[in-house]
Amino acid sequence: SPLGARYLARMVVGALRLGIGDMTMLDSLALAYTGSAKNRPVLERAYNLTSDLGYVGRTLADGGLKRLENAEIIVGKPIRMMSAQRLSTSEEVIEKLGECSAEYKLDGERFQIHKKGEHVEIFSRRMENITRMYPDAVQMMIEQVKADEAIVEGEGVAVDAETGEMKPFQTLMQRRRKYGIEEMMEKLPVAVYLFECLYADGEDLTLRPYTERRRRLGEIVEETERFKLVRAKPISEASQLDDFFEEAITDCTEGLLVKSVADDSIYRAGGRSWLWVKLKASYQSKMVDPVDLVIVGAFYGRGRRAGNYGALLGAVYDPEEDTYRTICKVGTGFTDENLAKIPEMLREHQHEGKHPRVDSLMEAEVWFSPGVVMEVLGDELTLSPIHTAAYGKLRKDSGLAVRFPRFIRWRDDKSPEEATQVTEVVDMYNAQTKTV
DNA sequence: AGTGCCTGCCC
DNA sequence: ATTCTGC
DNA sequence: GCAGAATGGGCAGGCACT
């Protein structure tokens, strides 16, 4: 069968997914080889440093717990990346972190870069080896990092070849390619904004506090316009954080990543801890305008959403043509409770096939006549090849889409004609001024 | 050669 | 990515 | 408080089909 063939092929290339979480594997290994899941933290640390379940299993089987306890960073093996919690106000951040350092949060791709002499490897957030996609980043790493051996992290961002100004995320994604790498490199060079140093010349820095890691980063990097430390500022009170956040937004970044500078502010490999907190404009609902979208279609849910809708197709109103044009699907933000009510709410609007006043390139599984309105929050609007809102108005063959859409609440008080209009989203898009 | 659909990976 | 939920 | 499981837009690339 085709599915069977896929399983076989994946076994051969080592890409078979089993549906067992890595943490469950660690539990099992601990139980199997040490007789108790209590020893899992030892395995976890080794795993976090090497991202290699096979290595953890083999070492444990061959050398026992003792040898695993001595697990170390290996340059060339990706360290599992640390991620951040989210908070919506500077007061909450200060309350949680106290003294901290705030860094610009840029909209690019996270790089973990390993250097051993002249040999460089770049890893993505999910431990993919992406070295070949970014030869320019490799070159800068060789030339600008003075340590013989180093592991650093930063954000790769596409920049304009002439002006050096930062390009949006969508543009950077054109660099994630297998062919035509050199041409794209000329057209869309990357800049790397560094923010972490995990290892330098034999020294594991992951268990050292932030201030020391940042200092070490500064020591080993010789900065250039395209390879430099990300803008950061020491913060001790909420008002300073607010000011710096304003600056970050003015500079067209996503916001701030705020990091604890306490003695215990280690790099928690593989963890999402409160040592790092994300602060984005969209978390403060006052700072980003939500949109009111008309539900024109739906898609069936899977897994725990089976038997219900998994996502709704949202549209804005075009009064000129008296038409509803799609702008995004919405599949998150629903509680189990309000999700359960959706079918009933929409039943009376169900419509055989696409409603004549709906303009959609996307084929919904269930269609509705315009009736129900929902409030949706997003981070920003992007040009879209698949949504029809403002289609052709900003660019040929492109509409607009909401990035990171989430359901906020029903707008029973609004009729479909009172939903957000095409002209409004066009204005919102233009107000984003994507030039850094 | 061109189109459309699906997947995997970024966010 | 965001969000909710169960442990 | 954390991990897991739902879900989003959009890019390149692979493959089937025209």
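Labels below follow one simple rule: chain letters A, B, ... track the order of the sequence lines, proteins then strands, and each chain is numbered from 1. Every heavy atom of this structure was used, including side-chain atoms; hydrogens, water molecules and symmetry mates were not.
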Taking atom types as modelled, is there a side-chain donor on A:Ser369 or A:His349 under 3.5 Å from an acceptor on the other?
no

What nucleic acid atoms does A:Ile386 come within less than 4.0 Å of, heavy atoms only: base, sugar-phosphate, or nothing?
sugar-phosphate

Return a single string for nucleotides 11-18 of chain D, one symbol per nucleotide in 5' to 3' order, where B is base contact, S is sugar-phosphate-only contact and - is none, cutoff 4.0 angstrom on heavy atoms.
SSSS----

Atom pairs under 3.5 Å, N or O on each side, protein against nucleotides 4-8 of chain D: can you list them with distances?
{"from": "D:dA6", "atom 1": "OP1", "to": "A:Arg304", "atom 2": "N", "distance (Å)": "2.9"}
{"from": "D:dA6", "atom 1": "O5'", "to": "A:Arg304", "atom 2": "N", "distance (Å)": "3.1"}
{"from": "D:dT7", "atom 1": "OP1", "to": "A:Arg302", "atom 2": "N", "distance (Å)": "3.0"}
{"from": "D:dT7", "atom 1": "O4'", "to": "A:Gly331", "atom 2": "O", "distance (Å)": "3.3"}
{"from": "D:dG8", "atom 1": "OP1", "to": "A:Lys329", "atom 2": "NZ", "distance (Å)": "3.0"}
{"from": "D:dG8", "atom 1": "O3'", "to": "A:Lys329", "atom 2": "O", "distance (Å)": "3.3"}

Apply the test side chain to side chain contact (heavy atoms under 4.5 Å, CB included) to residues A:Leu26 and A:Leu53: give CA-CA distance (whole Å), side-chain angles for both, the deciding distance (0.1 Å), then the verdict.
CA-CA 8 Å; A:Leu26 291 177; A:Leu53 279 177; 3.7 Å; yes

With no hydrogens and no angle check, just 3.5 Å: does a side-chain donor-acceptor pair link A:Arg403 and A:Ser282?
no

Going 5' to 3' along DNA chain C, which nucleotides are the first and last within contact of chain A (any atom under 4.0 Å from a heavy atom)?
C:dA1 to C:dT5

Could you list the donor-acceptor pairs under 3.5 angstrom formed by side chains in residues 73-82 of chain A, with sequence neighbours left out?
{"from": "A:Lys77", "atom 1": "NZ", "to": "A:Asp52", "atom 2": "OD2", "distance (Å)": "2.5"}
{"from": "A:Arg80", "atom 1": "NH1", "to": "A:Asn48", "atom 2": "OD1", "distance (Å)": "2.7"}

Considering only the C1' atoms, how many Å lie between C:dT3 and B:dC6, rounded to the nearest integer?
26 Å

Consecutive-pair stems (at least three Watson-Crick or G-U pairs, under 3.5 Å) that include DNA chain C
C:1-7 with D:1-7

Contact list please: residues 334-347 of chain A against DNA chain C, heavy atoms, distance less than 4.0 Å, in numerical order.
A:Phe334, A:Thr335, A:Asp336

Reckon A:Tyr283 touches a base, only the sugar-phosphate, or nothing at all at heavy-atom distances under 4.0 Å?
sugar-phosphate

Which part of the nucleic acid does A:Gly108 contact within heavy-atom distance under 4.0 Å: base, sugar-phosphate only, or nothing?
sugar-phosphate

Ignoring backbone atoms, establish whether A:Thr382 has a side-chain N or O less than 4.0 Å from OP1 or OP2 of D:dG10.
yes

Cut-off 3.5 Å, side chains only: do A:Arg110 and A:Ser83 have a donor facing an acceptor?
no

What orientation do A:Tyr309 and A:Tyr300 show, parallel under 30°, tilted 30 to 60°, or perpendicular over 60°?
parallel

